[in-house]
There are 2 protein chains.
Amino acid sequence: MTSGAERGAGAPAPRSADVARVAGVSRKTVSRVLNNEPYVSDEARRRVLAAAEKLGYRLNHAARALASGRTRSIGVVALGTAGYGTASLLVHIEHAVRDAGYALRIVNTPDGGPDGIAGALESLLEQGVDGIVVSEPIVEGKVQVRPDVPVLFIGAPPAFTATRTVTVGVGAHDLARAATEHLLDLGHATVHHLAGPRRWYATRDRIEGWQAALAARGAHEPPLLNGDWSAASGYAAGRALASDTSVTAVFAAGDEMAIGLIHALREAGRRVPQDISVVGFDGNPVCAYVSPPLTTARQPFEAAAREGIRLLVHTIEQPDTDPPPASDPPVELIVRGSTAPPPPLPR
Amino acid sequence: MTSGAERGAGAPAPRSADVARVAGVSRKTVSRVLNNEPYVSDEARRRVLAAAEKLGYRLNHAARALASGRTRSIGVVALGTAGYGTASLLVHIEHAVRDAGYALRIVNTPDGGPDGIAGALESLLEQGVDGIVVSEPIVEGKVQVRPDVPVLFIGAPPAFTATRTVTVGVGAHDLARAATEHLLDLGHATVHHLAGPRRWYATRDRIEGWQAALAARGAHEPPLLNGDWSAASGYAAGRALASDTSVTAVFAAGDEMAIGLIHALREAGRRVPQDISVVGFDGNPVCAYVSPPLTTARQPFEAAAREGIRLLVHTIEQPDTDPPPASDPPVELIVRGSTAPPPPLPR
DNA sequence: TTGAAAGCGCTAACAT
DNA sequence: ATGTTAGCGCTTTCAA
C-alpha cells in the first residue's frame, strides 16, 4: 500500500531477474545499480530502482555472499555479562558497524576463556564474516583458531594470531594512572587497588597503571584486593578492608565494585570520603547519583569503538594501504564527591 | 597442529566435495552427516567426520542458506541504550538463541520509533533470518513492513503484523502492581509513579499496574512524573518533588531513575525511607549496594528470554503444531531499605 | 543406505 | 554503458 510492494501471500519473493525483466534491462545491470557500481546510465538506474520498489524486491544476502565471497558483516566476540562497561562498548560497536554499512553477528563467551573464544571464532567464521571484533579478552591460554579475516582487538594486544590484526586501546593504563595520581595529589600516602579477575587484560592494564603512578611518586605498593567486577565482590573486599584504618584511599577497577566497596565501608562506620576516598572506573552515568557521587575514570567506549571499526573496515576493504594511525582517546577523570584529602591523623 | 587442520596459507578453503573425496563417499552423504540426517551408516559417518577434521573443513553457511532457504539464524531488533534492563535481556536472548543452535544477528534502534523498527526489520529480512525478536517496542506509529518469518515480541503485544507472531510477557503489570501494593501495605496513603517515556509499551504496562493497585485500594491517583529511564531524569523528577511534603512514596519505573530520584530527595533534605519511600524496577544487582539499598521489582529477563526463544524456535521449526503454552514468570519484589512506613505526621 | 543431477540468487569475468 | 556466461558451495529432488 505504502511502498507499492504488494504480492500475494503465497507468491515467491521476487528475484533480481524479475526486477531486470520489469525494468527492461539485464540482471547484471540490476546488480550494478544495487551495488552502486559505475557505468550505469541515470535512466537505467531510475528504471531499476522503480522496478525494485514496485515489486517489493529484497536482495538475497546469502546469494550475494556465495557469489562474491564477502558478506558485508562483522562478527563480535562479546565477553558479555550485563555490566555497564561491556554493554556500553557493544552498543557503540553496533552503531559504528552499522554506520560503516555492515551487519552485525554476535557470539557471547561469558567465561571468556581460550576455548570459549575459539568456539566463538569458529562459529563466526562458519557464518562467513568479513571481520571480527574481540573486546577485552582473557590473558591466559592459547586460542587454537587462526581466522583468515582481519581481527580487531579493543583494549588489548592481539590475543591470538590471524591473517591481519588491528588493535585500538581504551587508554586504560593512563586512566588508571590518572585515577591513582588524583588520590596521591590529594595527599594520600598510598592507594590500594581493588582489581578485577587477573585473567582479563583489562585487569592487568589497570594494575600496571596503578603501579606506575605509585612508583613515580615513590609510594608504597600495598597488596592487591581481588574482585570479579560485581558490586557484591566490591562489598566483600570492603568488609575485609574496613577494619584497617591505615587504608585511606582505594582505586577500584570498576564502578560497580566501587559502589559495593563504599557500601561495606560505610556499614562498618568508615566515612567516604572523610575517612577513605574511593575512585571507580568506567564512567557509568549512574555514578553521579549514588552517595557519595563517585569519582570515576571514564572509559572512551564510543571513541574506541568508532576508531576500531574504522580501522577494521579499512583493513577489510583496502588491505594494501596502511590505515591512518589511530589517535589515542583522551584520558578523562570525573572528579566527584567520593574523594578528598586523607583524615588529619593517619594512625 | 592440534586438530590436524593444516593447509598452506594461500590454499583455498576445503569444500564438501573435498571431504567427500577424502572420505570416499558422495557429496550428498557428507551433507547428510553434517545435518544429522538419517540413513547414513556408522562407517560412512565416521569416515566423513574424520575427513572433515583432517582437512579443517568448515561449512559454508551462505551456500547452505542459498540452497535450503534457511539460515539457522535469528535476528534481534534491540532498543539499545546501555541501560541494565535492555542489556541484560539481550545477554539472555543471546544465550537462549545459541542454546537452540541458532546464530544471532542484531540491529539496534536507539530511538525505537516505527521507522527505525521498519528499517531494522528490512535489514534483518535481507540478511535472511529464520525468525525475529523484538523486545519492548514503542507504542505509537505504524510499522510498514510485514515480515514473512515468525516474530517474537518480548514484554509487549504484537506491534505490527507478521506471518506468525508469538509473545511472551515479563509480568510487568503484576510487578508494578506488587511494587505499589508493597508501599500501600506499609501504610502510605497513596503512591506516586515516576514513569518512563510514554511511547514505550513497558512504560504503559507499569503505569497500568500501578493504577490497578491504587484503584483496588481506593487510593487517590496522583499525577504522573516523567522520566526517560536515565538516572539524570530521575534526579530532575526528584528535585521537582522534594518540596512537596505530602509525597511519601514513589514507585519508579526503573532502577537508574530511582537512584537519581533518591539522590535529589536527599540533597533537598528529605530522608529515604524515613520521609519518603522509593521502589525501583528491573532488579539491577547494584541496587543492593546503594544507600539506602533499593527495594526493587525484579524483571524475569532470563526466564522471558528462554521461554520466548523456545516459542519462537518452535514456531520456526514446527509451524503446524501448537507450542506448549508459556508459563507466566514469577513476580518477585526484592524488599530492601528504601521503603518503610510513612512518617507519623503526614501533613 | 547411497548417489547423480539440478538448481538456490547472485556476482565475476569477459564479452560487446 | 550494457549484456552473456559460468560458477560460488551447498541442499534438494529423484533414482538406484
Taking heavy atoms of chain A and a 4.0 Å limit, find me the 5'-most and 3'-most nucleotide of DNA chain C within that range.
C/dG9 to C/dA13
Distance, rounded to the nearest Å, where B/Y39 contributes OH and D/dT13 contributes P:
16 Å
Just to confirm, is there a sub-4.0 Å distance from OP1 or OP2 of D/dC8 to any side-chain nitrogen or oxygen of B/N60?
no
Short side-chain N/O contact to D/dT2 OP1/OP2 from A/T29, under 4.0 Å:
no
Give a yes/no on whether any side-chain N or O of B/S16 is located under 4.0 angstrom from OP1 or OP2 of D/dC10.
yes
Tell me if a side-chain donor or acceptor on B/D18 pairs with a main-chain N or O of B/R15 at a distance below 3.5 Å.
yes
Shortest side-chain distance from A/S41, nucleotide among D/dT11, D/dA1, D/dG3:
D/dA1
d(NZ, A/K28; P, D/dG3) in whole Å:
12 Å
Starting at the 5' end of DNA chain C, which residue's closest nucleotide do you reach first, A/R15 or A/R32?
A/R15
Do any N or O atoms from the side chain of B/E126 and from the backbone of A/R58 form a donor-acceptor pair under 3.5 angstrom?
no
Integer-rounded Å distance: D/dT12 C1' and B/R70 CZ
14 Å
Provide, to the nearest angstrom, the distance between the CG atom belonging to A/L66 and the P atom belonging to D/dT11.
12 Å
Presence of B/S31 side-chain N/O under 4.0 Å of D/dT11 phosphate oxygens OP1/OP2:
yes
